[in-house]
Student: 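Got a structure for you, questions after.
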Amino acid sequence: MHLDVLLNRVYAVSRVVISGLGVTSCLGSTVDSYWAALMRAVSMPVEVRDKYARMDNKLLYAIADHAPVAAPDGFGRLGRTSTFAVTAARDAWHDAGLDPASMANAGVAIGTGVGDTSLYEDVPGGGPHPQGLEAYPFKVSSVLAAEFGLTGPICSASTACSASGYAVSLAAEMIRDGEADVMLAGGADGYTRVGVACFNRMGALDPLRCRPFDAARQGTVFGEGAALMVLESEEHARARGHTAWYGAVEGSGWSCDGFHATAPDEGARQIIRAMREALAEAGIEPDRLGCVVPHGTGTPLNDAIESQALRKALGEHSGSVGMYSLKGMLGHTGGAAAAFAILTGALILRHGVIPPNAPIDRPDPDCSLSLHTGQSRALPSRHVLVNAYAFGGNNISLIIGREPR
Amino acid sequence: MSAVVVTGTGLLSPVASSPAELLAANADESPPGPQAWFDPVTLLGRRGWKYLSPATRYLLGATVLALADARLEPAGLPDESMGVVVGTNFAARPVVARIDETVITEGAHMLSPAEAPNFSVNVAASAISMRYGMRAFNLSLTNPMVAGLESVLILAASIGRGRAELGLAGATEESPIPASAGDGACCFVLETVDGADRRGATGQARVAGGFSRFIPPGGDMRAVRGPLTRLLASTETGQVPHVVVGQGDLASSVEDLAERSAADAGISLARRGFAGADGRYFTVSPMLQMAGLIATERQGVVIAVSPHGNLAALRLARW
């Protein structure tokens with residue numbers, strides 16, 4: 001972030017496009033396998049293999065196998081989160097057709113809720129105690145910058161479960177300001193024993209699976225992984241002959257409930273404002289939306305309030321716009337959740353199809369959203385709304401779209 | 001766009017709890033003891049903080065001081081006009097360690113449900129919005145060492161974009177090393193000049209520019225030199241006070257680069273340093289240097305560098 005640029009109101013760029021994607025997830029660790037799994041609409045959590053997890057509910061949408069990644073020089077060992085992030089980022093660069101080492105003006109913005117906490121959680125099992133640079137839990141952004149030789153702006157956002165939404169929004173702003181030509185942006189979070197334990201204690205976990213908007217839902221289920229995207233100015237993409245981008249980051253709305261540490265404001269005033277500001281920044285009305293990827297965690301109160309907010313923010317269109325409830329497939333990936341939602345939205349734009357939602361046994365009549373199951377659904381227009389909410393009411397909504405202005 | 005100014009400063013550390021104490025403190029002074037320097041009752045009252053982590057309490061305490069210094073009553077302002085951005089590296093780390101110990105030895109059922117949310121590092125920043133109704137937005141930033149300085153940059157930029165009219169930029173830490181000197185918090189009230197004028201507040205310094213960059217392993221600083229030279233070139237001619245926060249070879253190299261960049265920009269630098277300039281308070285350290293410059297010369301440049309390669313720079317100008 002170069003403040004001089006902003007203070008002088010020099011806006012160099014009109015549009016920020018998503019030109020490359022990379023994922024590390026329980027559904028697959030290539031973009032193609034991830035999309036194919038979404039289209040199959042079948043996913044179940046497993047019991048985490050952690051003998052120190054003394055808790056009743058140990059469900060996790062876990063990544064079963066992942067190859068180790070060597071740390072950049074001087075960084076020591078990488079935790080689970082950094083490992084996922086580096087792996088996904090490699091694919092994102094490849095997908096974008098960019099060699100990060102060749103770029104002088106590229107940066108990184110990452111969202112993560114727990115960072116490399118796994119290095120600490122591995123200690124009871126015999127892992128060495130983190131020291132030196134390892135000891136900083138929130139070094140994922142630094143690892144990515146060092147790994148790919150990114151020397152531009154660098155940002156690490158940790159607004160819990162909305163973190164990577166803010167990372168993408170800030171990355172887009174840095175490009176719009178002319179501060180960077182290209183940004184690696186997204187989110188990553190690995191399994192955290194402490195996180196799952198705290199959700200156990202708060203009674204916020206579902207004993208079966210993550211089933212947002214189901215009348216029988218009892219809470220969320222944690223997931224893990226990384227979703228990384230290459231963002232660049234449209235001018236930069238065109239100049240290098242790359243026009244096959246997935247979509248553009250068209251708008252974002254920020255807000256904060258300022259209400260409770262964990263519970264949403266039942267009035268939903270601020271999450272409605274975030275959606276409306278994102279739509280306004282994108283310059284579209286609700287009837288232009290083809291799909292919504294809601295936050296939808298499976299927590300009874302949160303899903304009901306988000307549904308109510310969607311009805312108020314989108315009006316009559318809330319009942320007809322396609323809803324894609326991603327956490328039913330991935331679980332709640334914490335700080336990576338918003339990036340997974342944006343990446344999935346980008347794939348929906350690319351394919352022109354909304355995958356079938358994971359099975360919902362009995363849709364909650366209090367939510368009354370258009371959640372299709374069994375079959376995919378055509379995307380009627382090329383704008384997708386993504387919502388992400390977090391502890392403390394740290395809200396963000398983003399619009400991504402594909403059609404030219 | 002109206003310029004963004006600092007109108008309030010609040011700081012809490014083992015060696016100083018006001019800008020005046022910061023100026024009087026020896027930069028290398030040892031703390032009096034773990035948390036003996038912080039009494040939550042004095043700043044936060046008797047209720048409402050029992051289940052908050054130490055880092056959250058420090059941050060709220062620094063917020064109280066900053067708001068008082070700015071003579072700002074948030075309750076009298078629209079909630080959607082006020083934003084919060086906070087930097088930290090370790091606000092949740094000691095709490096998470098304590099929770100994990102309980103989980104491993106006794107089980108999750110022995111955790112306090114009231115304290116369970118504290119595993120999330122954004123609880124500290126969120127506590128400000130909950131207490132003062134600052135609802136424009138609430139961000140937590142976590143880049144090693146530089147996240148506090150970045151909180152000032154991002155809040156100022158967000159005010160510039162119209163996402164808020166004013167807000168709090170802060171940093172807070174509970175050191176991961178028990179009984180060490182790394183605890184503390186520091187906050188600034190930022191607002192537009194127009195807004196400050198409307199309510200009769202005094203600008204302590206103007207946020208005049210800044211940037212973040214990454215220095216890759218090996219220490220190649222080509223990406224830093226250009227923006228640093230531009231930042232310094234935008235200062236008034238003459239001698240500019242500056243502080244480089246950090247330790248080791250990388251910090252020394254940044255210091256050298258700052259001297260060369262100043263020469264390129266046709267100015268000279270005057271080195272300053274206040275308590276924490278060695279980075280012992282992590283993200284709070286650069287904020288203390290900013291507070292020191294505001295309290296003395298109301299201008300200057302703060303550059304923070306982490307051992308990982310993160311770099312953030314901020315320029316303050318007289319107002």
Student: Take B:Val121 and A:Phe138, measure what side-chain contact (heavy atoms from CB on, under 4.5 Å) needs, and give me the verdict at the end.
Tutor: CA-CA 10 Å; B:Val121 75; A:Phe138 296 102; 3.8 Å; yes

Student: Taking it one step at a time, do A:Trp254 and B:Ser158 satisfy side-chain contact (heavy atoms from CB on, under 4.5 Å)?
Tutor: CA-CA 10 Å; A:Trp254 303 2; B:Ser158 300; 3.5 Å; yes

Student: With a 4.5 Å cut-off on heavy-atom pairs, point out which of A:Gly195, A:Ser158, A:Ala197 contacts chain B the most.
Tutor: A:Ser158

Student: Taking side chain as everything from C-beta outward and backbone as N, CA, C, O, which of these in A:Asn395 sits under 4.5 Å from a heavy atom of chain B? Side chain, backbone, both or neither.
Tutor: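 Neither part.
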
Student: Verify side-chain hydrogen bond (donor to acceptor under 3.5 Å, both in side chains) between B:Asn122 and A:Thr159, making sure each step is shown before the conclusion.
Tutor: CA-CA 5 Å; B:Asn122 72 325; A:Thr159 53; 5.8 Å; no

Student: Answer yes or no: is there a side-chain heavy-atom contact under 4.5 Å between B:Ile99 and A:Cys198?
Tutor: yes

Student: Indicate the atoms forming the closest heavy-atom contact of A:Arg201 with B:Leu111, along with that distance.
Tutor: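 Heavy-atom minimum between the residues: NE-O, 2.5 Å.
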
Student: Could you have a look at B:Gly309, B:Ser140, B:Ser306 and say which one has the most heavy-atom pairs with chain A under 4.5 angstrom?
Tutor: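 Between B:Gly309, B:Ser140, B:Ser306, the count favours B:Ser140.
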
Student: Would you mind checking which part of A:Ser169 comes under 4.5 Å of any heavy atom in chain B, side chain (CB onward), backbone (N, CA, C, O), both or neither?
Tutor: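 Only the side chain of A:Ser169 comes within 4.5 Å of chain B.
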
Student: Can you find a heavy atom in the side chain of A:Glu179 that is under 4.5 Å from one in the side chain of B:Arg213?
Tutor: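 In contact.
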
Student: Counting heavy-atom pairs under 4.5 Å with chain B, which one of A:Ala274, A:Gly392, A:Gly393 comes out on top?
Tutor: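 Top count of heavy-atom pairs under 4.5 Å with chain B: A:Gly392.
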
Student: Sort out for me which of A:Phe199, A:Phe75, A:Phe259 touches chain B most, counting heavy-atom pairs under 4.5 Å.
Tutor: A:Phe75

Student: If we only count heavy atoms from C-beta on, is the B:His109 to A:Asp56 side-chain gap below 4.5 Å?
Tutor: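 Contact flag for B:His109/A:Asp56 side chains = no.
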
Student: Please flag which part of B:Asp220 lies under 4.5 Å from any non-hydrogen atom of chain A: side chain, backbone, both or neither.
Tutor: neither

Student: Contact part of B:Pro176 toward chain A, heavy-atom cut-off under 4.5 Å: side chain, backbone, both or neither?
Tutor: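 The answer is neither part of B:Pro176.
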
Student: What part of A:Phe391 gets closer than 4.5 Å to chain B, counting heavy atoms only: side chain, backbone, both or neither?
Tutor: both

Student: Using non-hydrogen atoms and a 4.5 Å limit, figure out which bit of B:Tyr132 sits close to chain A: side chain, backbone, both or neither.
Tutor: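 When you check distances to chain A, no heavy atom of B:Tyr132 falls under 4.5 Å.
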
Student: Could you tell me which of A:Ala104, A:Cys155, A:Ala163 has the largest number of non-hydrogen atom pairs under 4.5 Å with chain B?
Tutor: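 Highest number of heavy-atom pairs under 4.5 Å: A:Cys155.
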
Student: Below 4.5 Å from any heavy atom of chain A, which atoms of B:Thr105 appear? Answer side chain, backbone, both or neither.
Tutor: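 Only the backbone of B:Thr105 comes within 4.5 Å of chain A.
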
Student: Go through it in stages, so that I can follow the logic: the residues are A:Glu173 and B:Arg163, the test is salt bridge (Lys or Arg N to Asp or Glu O under 4.0 Å), and I'd like the CA-CA distance, side-chain angles, deciding distance and then a yes or no.
Tutor: CA-CA 13 Å; A:Glu173 290 183 351; B:Arg163 291 197 187 277; 3.0 Å; yes

Student: With a 4.5 angstrom heavy-atom cut-off, which part of B:Ile215 approaches chain A: side chain, backbone, both or neither?
Tutor: neither

Student: If I measure from the heavy atoms of chain A, does B:His308 come under 4.5 Å with its side chain, its backbone, both, or neither?
Tutor: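 Backbone plus side chain of B:His308, per the 4.5 Å heavy-atom cut-off to chain A.
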
Student: Locate the shortest heavy-atom distance separating A:Asn200 from B:Ala108; write the atom from each residue and the value.
Tutor: CB-CB, 4.4 Å

Student: Name the member of B:Pro216, B:Pro113, B:Gly107 that forms the most heavy-atom pairs with chain A at distances under 4.5 Å.
Tutor: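 The residue among B:Pro216, B:Pro113, B:Gly107 with the greatest pair count is B:Pro113.
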
Student: Yes or no on salt bridge (Lys or Arg N to Asp or Glu O under 4.0 Å) for A:Asp265 and B:Arg135, after CA distance, side-chain angles and deciding distance?
Tutor: CA-CA 12 Å; A:Asp265 179 0; B:Arg135 298 191 170 95; 5.9 Å; no

Student: Counting heavy-atom pairs under 4.5 Å with chain A, which one of B:Gly83, B:Ala313, B:Ser129 comes out on top?
Tutor: B:Ser129

Student: Apply the test salt bridge (Lys or Arg N to Asp or Glu O under 4.0 Å) to residues B:Glu106 and A:Arg54: give CA-CA distance (whole Å), side-chain angles for both, the deciding distance (0.1 Å), then the verdict.
Tutor: CA-CA 8 Å; B:Glu106 301 175 78; A:Arg54 294 184 61 183; over 6 Å; no

Student: Less than 4.5 Å to any heavy atom of chain B: does that hold for the side chain of A:Glu121, its backbone, both, or neither?
Tutor: both

Student: Could you tell me which portion of A:Ala146 (side chain, backbone, both or neither) has an atom closer than 4.5 angstrom to a non-hydrogen atom of chain B?
Tutor: both

Student: Would A:Ser142 and B:Asn310 satisfy side-chain hydrogen bond (donor to acceptor under 3.5 Å, both in side chains), going step by step from the backbone distance to the final call?
Tutor: CA-CA 7 Å; A:Ser142 320; B:Asn310 303 76; 3.0 Å; yes

Student: Step through it carefully: locate the ring centre of A:Tyr136, locate the ring centre of B:Phe90, and say whether they are under 6.0 Å apart.
Tutor: yes

Student: Of the non-hydrogen atoms in A:Ala261 and B:Met130, which two are nearest, and what is the gap between them?
Tutor: N-SD, 3.3 Å

Student: Which atom pair, heavy atoms only, marks the closest approach of A:Arg273 to B:Ala136?
Tutor: NH2-O, 3.1 Å

Student: Could you have a look at B:Val96, B:Thr88, B:Val123, B:Val84 and say which one has the most heavy-atom pairs with chain A under 4.5 angstrom?
Tutor: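 Top count of heavy-atom pairs under 4.5 Å with chain A: B:Val96.
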
Student: Given the rule in the side-chain contact (heavy atoms from CB on, under 4.5 Å) test, do A:Ser156 and B:Thr142 qualify, once you have shown the distances and angles that lead to the verdict?
Tutor: CA-CA 5 Å; A:Ser156 176; B:Thr142 49; 2.7 Å; yes

Student: Is the shortest side-chain heavy-atom distance between B:Leu139 and A:Asn394 below 4.5 Å?
Tutor: no

Student: Quick one, A:Gln270 and B:Asn138 - any side-chain contact, counting heavy atoms below 4.5 Å?
Tutor: no

Student: What verdict does the side-chain contact (heavy atoms from CB on, under 4.5 Å) test give for A:Val194 and B:Val103, after you've listed the backbone C-alpha separation in whole Å, the side-chain angles of each residue and the deciding distance to 0.1 Å?
Tutor: CA-CA 8 Å; A:Val194 165; B:Val103 172; 5.5 Å; no

